[in-house]
Visitor: 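Before anything else, here's the structure in question.
No hydrogens, no waters, no symmetry mates; every other heavy atom, side chains included, goes into these values. Because the structure is predicted, anything quoted here is derived from the model rather than measured.
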Amino acid sequence: MPLIQVSSAQLAFGDVKLLDNVDLLLEPSQKIALIGRNGQGKSSLLYAISKHNEKILDDGIVWWSPNLSLSYVEQEPVFNENLSAYENLHQHLKTTLSENFDENSWNYVYKIDEFLTRFALDEIKNNKVAELSGGQKKRLALARAMITSPQVLLLDEPTNHLDINSIQWLENFLLNEKNLSLIFITHDRSFADKIATDIAELDRGKLNFYPGNFAKYQQTKEYQLNEETKANERLDKKLKEEEIWIRKGVEARRTRAVFRVQRLEKLRQQRAERRQRLGNVNLQIDAGEKSGKIVAVLKNISKKVFADSENSEKNSQFLVENLSCKIMRGDKIGIIAENGAGKTTLLKIILGELSPDSGNVKLGTKLQIAYFDQFREQLNPDATLMEVISPGSDFVQIGEKRQHVIGYLGDFLFSPQRARSQVKSLSGGEKNRLLLARLFAKTANVLVLDEPTNDLDIETLELLETLLQDYSGTVLLVSHDRTFLDNVVTQTLTHLGNGVWQENVGGYSDSLKFVENYKKNTKNTKNTKNTNFHEKLEKISEKNSKKNNQNLVEKNAKRKLSFKEQQELKAIPEQIQNLETEQQKIENQLADPSTFEDYEKSHQLTQRLAEIETQLLELLERWEVLEKIKS
């Protein structure tokens, strides 16, 4: 027996049908991912389901099974900001349970504490909600939703404001709730792939179901779109033939059979009724003049943050400690870290907007930087969209192409009427599209993208991925979208904790493997420093050399090299040279974005590069030992 049934749901805004006779069934333990373009009506459908006993729809029925318990978490959850996290949960239980709630009952006090701990909120339970971060508020909303043990959970964009660690925590939480039924809206493809048992796509008012996870949906959808295109082409061709026939004149009309007239009328009706697929965002950017080969060089940079106004060292922690790296023209670098770890600070240091406490940053030449701001501070809420894109002019210049600003905004799916409206009237997804439009209206050979994927629909995400893959300039990308990172970046800077950042070749998945190994190897190690392979090649740490080789050197200090060791020492320089040649070849391959189209090949290259790094260090250390014995 289904838990929820939606029958013939209809909802329209003006002449636009958001829901056009939509049907939906939710079975026990089923987890449905609700996807579709921005503005298609996903949130409206979810809200209508949550308010089944209210008149939300224009027509249709939302039915719940008797005594169903359901919780709904909106995209932007609402709290009493002046109450603490604990008090908000307490108030929710009191309101929900009404007469059955005894606020002094030990059971309820224990339950609130249990859920605060369960959702990693116990340390800030007495903080006012107004003081919490976006991620903490999202976890509090989930705790509030789950504390009443619902059978059904409705989630609207649950991964927004969450960092990768929190998203993975949420995935594990939902997967462990075996009996929980779920309908969730998401644009996070990795999240949908991991959680969903079924995909429901809202497209032009119709809800289409696809059994299985997101990867299976993509395969089926591609086939369907191809078939739809062919069917439309056949229909247009028939209509064109009949229109030509009817224009041939009186003689043709006299001799034409009645069925031809009927067929023409039917074709015209089908053509009129066919709802055209929404256009795609037209993304393009002018990379302009090439920057210098080197974009930025960071040498032993460190940056601290202080917990008190007196800048006391006791209450300080490193956001960045002793980081050295080079950013070359054409690099596409993903910056990966939990919220509050210092991603935006690191970006500002790289760009020269913020000075490090120690170390130095050298910027390259001919840099033209365009910055995408995750907090949308660049947008004046009272300005019109046209004023945001092209202040003081009706035209924008993209490379050699001059385009009217209304036409340019149309490329980003803004109608002429919308182009004249104010920024404050836009939804979150529309604001992100507007920021992209503003960003791409500039000539830039360095793109800095701080959380560009929030609120963007899947199709726009995929188009943005393609643009960045083909972009000839340099990209610095902060994102919590794992699929987006894997599809775009060629290397990553990953936060390992305590201000330590690690540079790795590859995307998020490659970085994750390194982090897992790092955590295993440094589980009981403190004061870990940044590891930069190029620095290790230039200078092996004297401390590490002594630690690794002291016993062996002392043991062999009074003897000479054997014949076998002499041959080994003689062969090491050539072995190093061969490895370095192979290393350079692989690095050149990985610098080509097309390499990452073949995941298996790119994964093998990344693994081999890691093996070469290990072999080189072993050879260098062995060389040092043999040279000391020789001398």
Visitor: Under a 3.5 Å threshold, yes or no: a donor from one side chain and an acceptor from the other, between Asn80 and Gln91?
Guide: no
Visitor: Sequence neighbours left out, what passes salt bridge (charged side-chain N to carboxylate O under 4.0 Å, His left out) with Arg139? Give chain and number order.
Guide: none
Visitor: Please step through side-chain hydrogen bond (donor to acceptor under 3.5 Å, both in side chains) for the pair Thr492 and Asp510, ending with a clear verdict.
Guide: CA-CA 9 Å; Thr492 58; Asp510 300 292; over 6 Å; no
Visitor: Which heavy atom of Ser65 sits nearest a heavy atom of Trp63, and at what distance?
Guide: CA-CH2, 3.4 Å
Visitor: Treating Ser181 as the side-chain partner and Glu27 as the backbone partner, does any N or O pair qualify as donor plus acceptor under 3.5 Å?
Guide: yes
Visitor: Locate the shortest heavy-atom distance separating Leu46 from Leu155; write the atom from each residue and the value.
Guide: CD2-O, 3.6 Å
Visitor: Between Asp486 and Thr483, does any side-chain donor sit less than 3.5 Å from a side-chain acceptor?
Guide: no
Visitor: Please collect all salt bridge (Lys or Arg N to Asp or Glu O under 4.0 Å) contacts where either partner lies in residues 72-92, sequence neighbours excluded, each pair once.
Guide: Glu81-Lys137
Visitor: Would you mind listing every side chain to side chain donor-acceptor pair (under 3.5 Å) that reaches into residues 41-55, with sequence neighbours excluded?
Guide: Ser43-Asp156
Visitor: Assess the residue pair Leu57 and Gln10 against the criterion (side-chain contact (heavy atoms from CB on, under 4.5 Å)); give the C-alpha distance rounded to whole Å, side-chain angles, the decisive distance to 0.1 Å, and a yes or no.
Guide: CA-CA 6 Å; Leu57 301 172; Gln10 295 191 49; over 6 Å; no
Visitor: Which atom names give the shortest non-hydrogen contact between Gln218 and Glu462, and what distance separates them?
Guide: NE2-OE2, 3.3 Å
Visitor: Using a distance-only test with no angle check, is there a side-chain donor-acceptor pair under 3.5 angstrom linking Asp331 and Thr490?
Guide: no
Visitor: Specify the closest pair of heavy atoms between Thr159 and Asp188, including all atoms of both residues, with the distance to one decimal.
Guide: OG1-CB, 3.8 Å
Visitor: Using the benzene-type ring in the case of Trp, are the ring centres of Phe484 and Tyr508 under 6.0 Å apart?
Guide: no
Visitor: Distance-only, no hydrogens or angles: does the Ser69 side chain make a donor-acceptor pair with backbone N or O of Gln151 under 3.5 Å?
Guide: yes
Visitor: Is it the case that Ser190 and Asp193 place a side-chain donor and acceptor less than 3.5 Å from each other?
Guide: no
Visitor: How close do Ile167 and Phe191 get, heavy atom to heavy atom, and via which atoms?
Guide: CG2-CD1, 4.1 Å
Visitor: Would you find a donor on one side and an acceptor on the other, under 3.5 Å apart, between the side chain of Gln136 and the backbone of Ser133?
Guide: yes
